[in-house]
Structures are given as C-alpha cells and as structure tokens.
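As the structure is a computational prediction, the values presented were derived from the model and not from experiment.
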Amino acid sequence: MRGSTELNLASFAVSTQNGFLPDEQPLEFLDDPYYANWEAIITELPSLLNSASLRNHVDALPVLSTSHLKSEPEWRRAYLILSFFTHSYIWEAGGPSEHLPPAISVPFLSVASNLGLPPTATYAALNLWNFTTTSSIQDFSNLDELHSLHTFTGTVDEEWFYLISVAIEAHGASIIPVMLSAISAIQTQPKSPSTSHIVLGALIKYSYCIREIGALLKRMNEKCNPDVFYNRIRPFLAGSKNMAVAGLPRGVFYDEGEESGEWRMYSGGSNAQSSLIQFFDIVLGVEHKSTTGTKGSKYGFLTEMRNYMPGPHRSFLQTMESISNIRSYASTSPIPEVLDAYNFAVKENEKFRDIHIQIVTRYIIRPSRAQTSAGKGAGGGLNLAVASTNGDTKSLQGTGGTELLPFLRGVRDEVRQTALE
C-alpha cells in the first residue's frame with residue numbers, strides 16, 4: 001500500500017492552495033492568431049445561439065490543427081472552447097443535431113486525448129477552467145469576486161451556476177492536505193496518542209468545511225432563477241448518452257472527414273464529475289454500491305464519472321481509495337471522541353447531500369411539474385427541457401443521463417449508512 005507521505009500533489013495536478021482548480025486562473029484567450037476564428041465565435045456564442053446561427057458559423061470553419069497549442073493552459077483553453085462549440089452545435093434551437101462537423105470533431109478528439117478527457121462538455125470545461133477573479137491575491141474562494149469566462153446564454157444565472165461550483169472547489173481545497181496528514185499518521189504511527197489528536201482534528205475540520213460548502217451551495221438562489229436554469233441553461237448541459245428521449249437515440253456522429261467518423265455517446269456535465277465531492281466520500285470510506293444511476297448499468301455511475309475527470313485527478317482518486325484508512329481507524333480507536341468525530345463528519349456529508357437534493361428539486365423537479373401542469377415545454381425544438389415535461393419525476397433524467405432523484409437519494413443514503421455504531 002502506497003504511503004500518503006509519498007504523495008506529490010503536483011504530480012496529480014492537485015494544487016496545495018486551490019485543490020482541483022489550477023494554481024493560477026485559467027487562460028482567457030489563445031494568443032496565437034491561428035485560433036482567431038475559434039476565439040471570435042466563443043466571444044459571440046450567446047448571440048449566435050440566440051439567433052440560431054451558431055451552426056452556420058461553425059460549418060464555415062476550417063479544420064484547425066492542435067500543433068500550435070504549447071502549454072497546459074492553452075490545451076485547457078482549447079478544451080473549453082471546443083466543449084462549448086460541441087454542446088452549442090448539438091443543442092442549438094430547432095432540435096438536436098446528430099452530426100458534429102470535422103471543424104469541431106477533429107481538434108476536439110486531439111485535445112481531449114491530450115488531457116485524458118472525453119470530447120464533451122465536462123465539469124472541468126464548464127467550471128474548473130472557466131473562470132477569472134478580480135481578487136488581488138488570487139483567492140478563488142470569494143464567490144463575489146469570481147466571473148465566468150463563457151456561458152451559452154449570456155445570463156447572470158448561468159454564470160452564477162458555474163461559479164458556485166468554483167467557489168466550492170476553492171473552499172474545499174484546504175481539507176485535502178488535512179485529510180492526507182491524518183491518513184499518513186494512521187499509516188506510520190497507528191498506536192501513537194498524537195495520531196488520535198491528528199485524526200480527531202482532521203475530522204472536525206472536514207465537518208465544518210463541508211458544512212460551509214453546503215452554505216455556499218444554498219447561495220444558488222441568489223442569482224440563478226429556476227425557470228431560467230431549467231428552460232434556457234440546462235438543455236445545453238445535456239450529453240448524448242441515454243438521450244433518446246431528447247432526440248439523440250444513437251448519440252452523436254463525430255465526423256472526422258474523408259468519410260470517417262464514429263457514433264459516440266457521452267454523459268453531459270455533472271457535479272458527479274467533481275473530484276472534490278468524490279474525495280469527500282473516499283476519505284470517509286463511503287462505498288457507493290447500488291447507485292448505478294441508469295437501468296442495466298454494469299458499473300456505478302460515480303465510478304463511470306471519473307472518466308470525465310482530468311486524467312491526473314482520476315489517478316489521484318484511485319490512489320486515495322488504496323490508502324483510505326480513517327473509517328477503519330475510527331472503528332477501533334480506544335478514544336471515543338474519534339468515533340464521535342467520524343460520525344459527525346458522516347452526518348455533515350449527509351446534510352450536504354440533502355442540500356443538493358433540495359437544489360435539484362427547486363431547479364429541476366418543480367419547473368418540470370410546472371410545465372407539465374401548464375401543458376407546455378420550452379420552445380425551439382426538442383431538447384432536455386421539453387423531453388422532461390412528462391410529469392414523471394421519478395424517471396426524470398439529469399444531464400449526465402441518470403434517473404435523477406433515485407440516484408441522488410441513493411448516494412445520500414449510502415453516505416448515511418457509512419456511520420459507525
């Protein structure tokens with residue numbers, strides 16, 4: 001078993017200050033004029049989508065090479081741009097497109113492969129690499145100083161939706177080295193009294209950290225209107241997997257030109273793709289066995305979502321699973337306060353899951369019911385909002401393709417079941 005003292009966070013692209021966010025704020029522009037056409041379209045994206053002319057502009061693009069991308073921030077910037085292009089092209093008003101042109105497909109497949117990500121709009125594209133800050137000290141946790149680089153709709157609502165996640169990632173970053181220290185102490189000095197104090201302190205810090213993150217999530221209501229989210233924003237976040245109901249029974253054909261290409265299906269952007277949220281569960285030893293999220297799925301949805309994380313982050317979580325030992329330590333600790341602190345941490349995690357369910361109810365379930373009652377869906381052709389207007393909230397799908405409420409409740413319940421007697 002690999003010792004946590006050997007972990008080099010930088011080798012996993014994990015920042016000691018910002019966690020899974022980059023050390024410095026993301027690149028705002030590709031300086032090489034070779035990519036000027038990409039930058040011109042992404043700058044005007046909301047207006048192009050509003051006028052239903054995005055596809056026409058993309059169809060006129062040449063197929064650009066990725067050979068001009070030199071630095072990691074440039075690769076990430078390209079990934080962000082092509083993610084927005086992909087979902088814009090698929091979900092532009094008038095009905096979904098089953099065909100993605102070579103001008104997007106060819107460079108996107110190259111960029112995604114370089115970053116260890118799928119060629120679709122992931123949590124990393126929409127959140128981790130899609131913000132800037134006015135903070136003079138590069139503090140990414142101050143929500144009121146953050147701004148999104150790009151949105152589909154040009155609305156404050158969409159920007160706020162992304163920035164809540166950015167602030168959560170930044171705020172939760174501090175708990176990563178704290179929990180690693182506790183794991184290391186258990187590994188190296190399991191019988192030492194000092195280890196009990198280290199683990200106790202780590203669990204208490206974890207608990208209050210996740211409570212504060214829950215408070216950040218509750219701030220979604222401040223600037224994100226549920227109707228705007230449901231009808232205007234959410235349709236663009238949908239993937240191409242399990243989206244037959246929204247008009248993509250075969251997924252999307254990624255055209256690579258010269259009569260080559262491939263039908264592909266991908267989940268859309270989802271908070272299940274947050275490495276931080278999965279880290280919170282792993283360090284407590286939470287096991288998600290039954291939350292497949294989709295009928296007939298062989299592997300758990302949360303495990304599947306790791307394929308939508310940057311490669312180094314995915315490796316970090318796999319390593320954390322191999323060294324996680326806090327639950328077993330708490331279960332055998334002669335210090336009753338350690339057990340109490342562990343269960344307190346589990347309870348705070350469960351409360352966070354409840355807050356998430358409340359947010360989903362407000363932003364997805366209720367708007368779906370309201371539209372069903374009114375007998376209408378969003379205009380502009382078939383999309384996830386229209387397809388979801390069926391009155392059956394149990395089978396209502398998330399952008400990742402899951403049956404939304406059963407999945408979220410299952411996750412919450414499995415967190416609760418982790419508590420020790």
Side-chain angles (χ1 to χ4, degrees), residues 13 18-22 24-30 35 38-39 41-43 45-46 49 54 58 66 69 71-91 100 104-105 107-132 140 146-154 158-170 233-241 252 254 264-278 304-314 398-401:
N18 302 321
F20 300 101
L21 295 171
E24 298 180 353
Q25 59 185 323
L27 195 65
E28 297 183 38
F29 197 89
L30 289 174
Y35 298 111
W38 285 3
E39 292 290 354
I41 290 179
I42 194 74
T43 300
L45 189 63
L49 288 171
L54 180 278
V58 169
T66 59
L69 301 171
S71 67
E72 188 74 5
E74 288 178 346
W75 284 98
R76 291 173 177 175
R77 172 71 182 169
Y79 184 81
L80 177 155
I81 291 172
L82 294 166
S83 292
F84 272 93
F85 284 4
T86 295
H87 282 234
S88 297
Y89 197 96
I90 294 171
W91 297 112
L100 197 65
I104 298 177
S105 298
F108 202 11
L109 289 167
S110 173
V111 171
S113 176
N114 178 273
L115 294 170
L117 284 162
T120 190
T122 59
Y123 181 90
L126 300 172
N127 300 286
L128 300 182
W129 305 334
N130 184 33
F131 71 94
T132 185
F140 301 160
L146 295 173
H147 300 279
S148 290
L149 295 176
H150 300 288
T151 64
F152 295 102
T153 62
E158 184 180 354
E159 180 178 28
W160 191 250
F161 175 72
Y162 298 147
L163 295 179
I164 290 288
S165 290
V166 174
I168 284 174
E169 293 284 341
I233 301 167
R234 185 170 178 258
F236 286 111
L237 306 180
S240 53
K241 184 177 182 179
V252 172
Y254 281 59
R264 295 170 178 265
M265 290 185 177
Y266 296 109
S267 293
S270 167
N271 280 344
Q273 296 165 11
S274 166
S275 299
L276 178 69
I277 302 304
Q278 292 212 23
E304 179 188 343
M305 285 300 96
R306 293 187 192 175
N307 294 325
Y308 293 77
M309 299 173 182
H313 295 174
R314 182 165 59 249
T399 52

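- Put simply, the side chain of Arg264 never gets that close to the backbone of Pro119: no donor and acceptor are under 3.5 Å apart.
- Residues satisfying the ring-ring contact (aromatic ring centres under 6.0 Å, His included) criterion with Phe84, sequence neighbours excluded, are Phe152.
- Note: His150 NE2 to Leu80 CG = 5.5 Å, rounded to the nearest 0.5 Å.
- Inspection of the Glu169 and Ser274 side chains reveals an N or O donor paired with an N or O acceptor under 3.5 Å.
- Thr122 and Gln273 are not linked by any side-chain donor-acceptor pair at a separation below 3.5 angstrom, with hydrogens and angles left out of the test.
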Take Glu39 and Ile81 through the test side-chain contact (heavy atoms from CB on, under 4.5 Å) and record every step on the way to the result.
CA-CA 8 Å; Glu39 292 290 354; Ile81 291 172; 3.6 Å; yes
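- Between Ser267 and Met305 the shortest heavy-atom distance is OG-CE, 3.6 Å.
- Residues passing the ring-ring contact (aromatic ring centres under 6.0 Å, His included) test with Phe20 are His313, Phe316, sequence neighbours excluded.
- To the nearest 0.5 angstrom, Asn130 atom CG is 12.0 Å from Gln25 atom CD.
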As a quick check of understanding, evaluate side-chain contact (heavy atoms from CB on, under 4.5 Å) for Ile277 and Asn271, giving each step before the final call.
CA-CA 8 Å; Ile277 302 304; Asn271 280 344; 5.7 Å; no
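- Between Tyr308 and Ser270 the shortest side-chain heavy-atom distance does not fall below 4.5 Å.
- At a threshold of 4.5 Å between non-hydrogen side-chain atoms, the residues Leu115 and Pro310 do not count as touching.
- The shortest heavy-atom contact between Ala238 and Trp91 is O-NE1, 3.0 Å.
- Thr86 is not listed as a side-chain neighbour of Tyr266, based on a closest heavy-atom distance of 4.5 Å or more.
- Leu69 and Val111 make their closest contact through CD1-CG2, 4.0 Å (heavy atoms, listed as atom of the first residue, atom of the second, distance).
- The OH atom of Tyr79 sits 4.0 Å away from atom CG of Leu117, with the distance rounded to the nearest 0.5 Å.
- The structure places CD of Glu158 at 7.5 Å from OG of Ser148, a figure rounded to the nearest 0.5 Å.
- Taking CG of Leu82 as the reference point, atom OG1 of Thr120 lies at 11.5 Å (rounded to 0.5 Å).
- Across all non-hydrogen atoms, the minimal contact from Leu128 to Pro22 is O-CD, 3.4 Å.
- Taking a 6.0 Å sphere around CD of Glu24, one finds it holds 12 or fewer heavy atoms contributed by other residues, nucleotides or ligands.
- Shown here for Phe140 and Leu146, the closest heavy-atom pair between the two residues is O-CD1, 3.4 Å.
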Please lay out, stage by stage, how Leu149 and Trp129 fare under the test side-chain contact (heavy atoms from CB on, under 4.5 Å).
CA-CA 9 Å; Leu149 295 176; Trp129 305 334; over 6 Å; no
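- In terms of heavy atoms, Met309 sits closest to Ser275 at SD-OG, 3.2 Å.
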Please step through side-chain contact (heavy atoms from CB on, under 4.5 Å) for the pair Val58 and Ile104, ending with a clear verdict.
CA-CA 8 Å; Val58 169; Ile104 298 177; 3.6 Å; yes
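- Legend: residues meeting ring-ring contact (aromatic ring centres under 6.0 Å, His included) with Tyr89, ordered by chain and number and at least two apart, are absent.
- Inter-residue side-chain proximity for Leu237 and His87 is flagged as unmet; no heavy-atom pair is nearer than 4.5 Å.
- If you take CZ on Phe108 and CG on Leu100, they are separated by 8.5 Å, rounding to the nearest 0.5 Å.
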